[in-house]
Protein chains: 2
Amino acid sequence: MIILSKLADYGVIVATHLALAPDRQENAATVAAATRLPLATVAKLLKALAHAGVVSATRGAAGGYRLARPAAAISIAEVVAAIDGDIGLTQCSVHVDECAHTTYCPTRPHWAAINRAVGQALQAVTLDDMISPYAFLPPAAVQPAAELSR
Amino acid sequence: MIILSKLADYGVIVATHLALAPDRQENAATVAAATRLPLATVAKLLKALAHAGVVSATRGAAGGYRLARPAAAISIAEVVAAIDGDIGLTQCSVHVDECAHTTYCPTRPHWAAINRAVGQALQAVTLDDMISPYAFLPPAAVQPAAELSR
DNA sequence: CCCAATTCGTACCAATCCGGTACGCAATAG
DNA sequence: CTATTGCGTACCGGATTGGTACGAATTGGG
Ligand code: SF4
Ligand code: SF4
């Protein structure tokens with residue numbers, strides 16, 4: 001099973017890319033080219049992220065996106081939640097009343113604890129962590145310029 | 001977003017129910033009645049669990065299912081994996097080569113760490129914990145109301 | 001020895017969800 | 001005013017999922 005949806009996965013990549021140059025303002029097309037993702041999809045993602053307050057958008061000509069906060073203050077959980085919705089293991093973790101078995105289900109109380117553990121695993125990682133430890137990654141990864149000029 | 005599929009959720013319930021009476025042998029119909037789940041679905045789940053070695057089945061007349069191991073030796077992760085397949089956050093966590101972006105994706109190395117954290121959260125809980133309510137909760141039960149009422 | 005009970009295996013179907021796309025509107029720079 | 005760019009919504013095809021059905025294999029009892 002794959003937990004994150006493709007969109008959420010891509011969303012993290014896009015956010016990470018923006019975290020690389022927090023000062024620059026990039027439009028959707030530029031980000032799409034840099035990440036090699038379909039333009040339309042990137043636009044959709046950026047919009048969702050902007051809606052959640054993770055990135056801020058400036059409209060009009062010469063507009064674009066940039067991180068709304070420093071990269072260290074944005075957790076992966078936030079990015080994922082912006083795209084896939086709130087994270088919860090089971091139905092009852094998110095929408096309490098949308099499961100007919102809530103009344104007698106014996107496992108329900110325990111999910112809360114597991115839920116919290118999973119949530120913390122995602123909240124512990126920030127965008128800053130995603131870009132900083134390039135140490136153990138081969139030099140091929142550290143070349144945003146080459147990506148852009150393609 | 002909901003991480004576990006409905007089937008996996010139900011699977012845990014079924015497994016938990018079996019853990020309540022490890023010595024008795026129950027057939028699919030009995031389990032379905034006890035858990036108030038559709039019979040056909042329960043049969044499917046039990047088969048999947050049997051295939052993964054979580055429960056053992058005896059065929060023929062007066063046949064039925066029972067846990068293959070003591071409840072304390074079966075983790076939730078195992079039950080979920082038996083139904084939903086191996087747990088992984090992203091595509092590259094499970095099937096490494098099934099993502100076209102593996103070569104230059106900057107986030108890939110980091111998912112492994114998060115992946116492990118999530119996996120441990122599920123492996124830390126056994127069926128035994130599920131049937132002895134709140135046994136492992138007390139330390140965190142300081143503010144259970146907030147979690148449960150969410 | 002035969003029959004009934006029960007699991008096993010597979011195959012199938014309907015519904016929902018997801019990834020992706022298209023098009024028109026609003027806002028801003030020049 | 002106009003070109004550029006983000007915003008919003010609506011739509012569609014395909015994949016996955018939840019659920020069902022039926023026949024084959026296996027065992028216990030009469
Ligand atoms: S109440 Fe039980 S069956 Fe319903 S979503 Fe929660 S764990 Fe699953
Ligand atoms: S390589 Fe990157 S894009 Fe591909 S599944 Fe892994 S994280 Fe997602």
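Order of the sequence lines fixes the chain letters, A, B, ..., with proteins taken first and strands second; residue numbering starts at 1 for each chain.
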To the nearest angstrom, the NZ-C1' distance between B/Lys6 and C/dA15 comes to 11 Å

From CG of B/Leu39 across to P of D/dA21 the rounded distance in Å is 11 Å

Rounded to whole Å, CD of A/Gln91 lies from P of C/dT16 at a distance of 14 Å

Residues A/Arg108 and A/Thr102: closest non-hydrogen pair is NE-O, 3.2 Å

* Asked: What is the nucleic acid contact for B/Ala29, judged by heavy atoms within less than 4.0 Å: base, sugar-phosphate only, or nothing?
  -> nothing

Between the side-chain atoms of A/Lys47 and the base atoms of D/dG6, is any donor-acceptor pair under 3.5 Å? no

Among D/dG19, C/dA4, D/dT20, the one nearest any side-chain atom of B/Tyr10 is D/dG19

Between CG of A/Asn27 and C1' of D/dA3 the distance, given in whole Å, is 14 Å

Exactly one candidate in B/Leu18, B/Leu46, B/Ile83, B/Ile74 meets side-chain contact (heavy atoms from CB on, under 4.5 Å) with B/Val54; the answer is B/Ile74

Here the distance between atom P of D/dT5 and atom CZ of A/Arg66, to the nearest Å, is 16 Å

Could a donor-acceptor pair under 3.5 angstrom be found where the side chain of B/Lys44 meets the base of D/dG19?
yes

By nearest-heavy-atom nucleotide on DNA chain D, the more 5' of B/Pro38 and B/Ala62 is B/Pro38

Out of C/dG20, C/dT28, C/dG19, minimum distance to the side chain of A/Leu7 belongs to C/dG19

Taken to the nearest 0.5 Å, the spacing of A/Gln123 CD from A/Ile76 CD1 works out to 11.0 Å

* Below 4.0 angstrom from OP1 or OP2 of C/dT28, is there any side-chain N or O of A/Thr58? -> no

- Task: For B/Asn115 and B/Ser93, run side-chain hydrogen bond (donor to acceptor under 3.5 Å, both in side chains): C-alpha distance rounded to whole Å, both residues' side-chain angles, the deciding distance at 0.1 Å, then the answer.
- Result: CA-CA 8 Å; B/Asn115 215 3; B/Ser93 303; 3.3 Å; yes

Comparing B/Ser56 with A/Asp84, nearest DNA chain C nucleotide closer to 5' gives the residue B/Ser56

Winner on side-chain proximity to A/Ala28, out of D/dG6, D/dA3, C/dT21, is D/dG6

Just to be sure I understand the rule, does A/Ala43 reach a base, reach only the sugar-phosphate, or reach nothing, if contact means heavy atoms closer than 4.0 Å? nothing

dist A/Leu127:CG -> A/His17:NE2 (nearest 0.5 Å) comes out at 12.5 Å

Against the side chain of A/Tyr65, the closest entry in D/dT20, D/dC7, C/dT7 is D/dC7

Closest to the side chain of A/Ala61, out of D/dG6, D/dG18, C/dA29, is C/dA29

On a heavy-atom basis, the closest approach of A/Asp84 and A/Ser5 is OD1-OG, 2.8 Å

From CD1 of B/Ile2 across to C1' of C/dC18 the rounded distance in Å is 14 Å

B/Leu37 atom CG is separated from D/dT20 atom C1', nearest whole Å, by 15 Å

Closest to the side chain of B/Arg59, out of D/dA25, C/dA5, D/dT20, is D/dA25

Rounded to whole Å, the CE-C1' distance (B/Met1 to C/dC18) equals 12 Å

Taking C/dT7, D/dT20, D/dA3 as options, the one with an atom nearest any side-chain atom of B/Ala57 is C/dT7

